[in-house]
Amino acid sequence: MDSSKKIQIPVAYRASILHFLSDPGAGNGASATEFFEDGILLIENGLVAELGPADKLVNKLPKDIPVKDYTGKLIIPGLIDAHIHYPQTDMIASHGEQLLEWLNKYTFPTEGKFEDQEYAEEVAAFFIDELLRNGITTALVLATVHPGSVDAIFAASMARNMRMLAGKVMMDRNAPEYLLDTPESSFHESKALLEKWHKVDRLLYAITPRFAPTSTDEQLKQAANLAKEYTDAYIHTHVAENKKEVKWVAELFPWSRSYLDVYDHFGLLRERSVYAHCIHLDEQDRKRMAQTGAAAAFCPTSNTFLGSGLFNCVGALDQDIRVAVATDVGAGTSFGMLQTLSEAYKVQQLIGQKLSPLRALFLATLGNARALYLDDRIGNFLPGKEADFIVLNDEATPLIKRRMAVTDKIEEKIFIYIMLGDDRVVDSTYIMGECAYRAI
Ligand code: GUN
Ligand code: ZN
């Protein structure tokens, strides 16, 4: 299926519609958020053509345009997950360990299975379906060290016409032999995959050294060489997640000023680079994140699950760091961005920060699009944007229905979706104007 090349007849969607023009938490107040209680979203050839109040637009629409009526439901932009491991689908909810032990006990053996291409393709297909069920239309994904695992996730994404970012994990030390590549093989394999998939249809390649402890200096240099050659490719890795990990990095790279400095030293901090976790950064590190335009991916369910720590999301936003939100499945405990935002809210509470409902939803849509430098394509409903959107049902469960009935304020409704919602509230998921998932 390749609907990007198929001419679609225009369709108007009628519902309550919410999207963001900027960060509602950054002092922009009301102008950051656009909400139409009774709105029309007009889609043409997979792109947003127009958005506005139904009373103004309905009479302007040509007579023969079909109107899909979602009155009573809420349309928002497709959710974006800025950091997730598709190969860890089968090990989500593995008990009892913190990061380094969890990697050795559960993660590496699971990732070893991706040598089997048939298994990789089966997991990739399930994973994409799970994203769609949760209203996630774009994700930045780690594959495994096996090039075939990247082919599997890109092929499954392309079959759904999804905007997806992914890359082969590079790791040449401190992991089982069966998962190791070399600086040279990782360079050549990543380059071949980049040439094969980057910017094909809606796909984008991410150069993916797993994290500093599993790469030698030579491999990080090779990753940087690739990044220099392909300046519009992404860089994707982990940093400062766990205190034991931070100490280990200081031993492995004794010349470094900090963990983040290892990546900085090799030239891996730049626009279109995404650093998962960023919990244990110091002030100088945070300044470098802001200066270089790198993004920090906040993974709250993972950070609490592995006992990694409490990321100061609001503080990082205040410092002009591009903050993204992410599930980090399989250390993350849910594919759902709503549950992820719920945990994000609770983590901010624990450190005395307040994450407002609208700012939280902004982060999962336009905020993540900005963190990924994709806000010219996705993240809201400005005309010309790719028409990835979802329809939410505020009567999905008896409790949600009952709680929603007590308010008609959109901000409160969003908070109820975040605190009580999960995949059951996702009525439909649309990719480039085509319905890719519908509940029941
Ligand atoms: N650091 C290096 N690899 C991983 C991983 O697979 N998950 C998490 N949460 N952190 C990592
Ligand atoms: Zn991760």
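For the numbers below, each heavy atom of this structure counts, side chains included, while hydrogens, waters and symmetry mates do not. Read the numbers this way: they start at 1 and go in the same order the structure lists the ligands and their atoms.
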Would you check if the Zn ion (ligand 2) lies under 2.8 Å from any N, O or S atom of Asp328?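 A backbone or side-chain N, O or S atom of Asp328 is under 2.8 Å from the Zn ion (ligand 2).
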Is His277 close enough to the Zn ion (ligand 2) to have an N, O or S atom under 2.8 Å?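 Within the cut-off used here (under 2.8 Å), His277 places no N, O or S atom near the Zn ion (ligand 2).
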Under 3.5 Å, is there a donor on one side chain and an acceptor on the other for Asp285 and Tyr275?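 Per modelled atom types, Asp285 and Tyr275 side chains form no pair under 3.5 Å.
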Could you check whether Phe154 and Trp197 have their ring centres less than 6.0 Å apart?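 Ring-ring flag for Trp197/Phe154: true, centres closer than 6.0 Å.
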Does [X] reach ligand 1 with a nitrogen or oxygen that is under 3.5 Å from one of the ligand's nitrogen or oxygen atoms?
{"X": "Gln88", "value": "yes"}
{"X": "Glu245", "value": "no"}
{"X": "Thr107", "value": "no"}
{"X": "Arg210", "value": "yes"}

May I ask you to decide if the ring planes of Phe389 and Tyr430 are parallel, tilted or perpendicular, using 30° and 60° as cut-offs?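 Ring orientation of Phe389 relative to Tyr430: parallel.
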So with a 6.0 Å cut-off around NZ of Lys243, is the heavy-atom count from everything else above 12?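 No - once you tally the heavy atoms of other residues, nucleotides and ligands closer than 6.0 Å, there are 12 at most.
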Are more than 12 heavy atoms from other residues, nucleotides or ligands located less than 6.0 Å from atom CD of Gln284?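 Counting other residues, nucleotides and ligands, CD of Gln284 stays at 12 neighbours or fewer.
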Atom CZ of Arg163 and atom CG of Asp201: how far apart are they, to the nearest 0.5 Å?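 Between Arg163 CZ and Asp201 CG, I get 9.5 Å after rounding to 0.5 Å.
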What atoms in ligand 1 come closer than 4.0 Å to a heavy atom of His277?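 Heavy-atom distances to His277 below 4.0 Å select 9 (N).
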Proximal ligand 1 atoms for Ala331, defined as those under 4.0 Å from one of its heavy atoms: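 Result: 9 (N).
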How open is the angle at the Zn ion (ligand 2) from atom NE2 of His83 over to atom NE2 of His85, rounded to 10 degrees?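 It is 110°, given to the nearest 10°.
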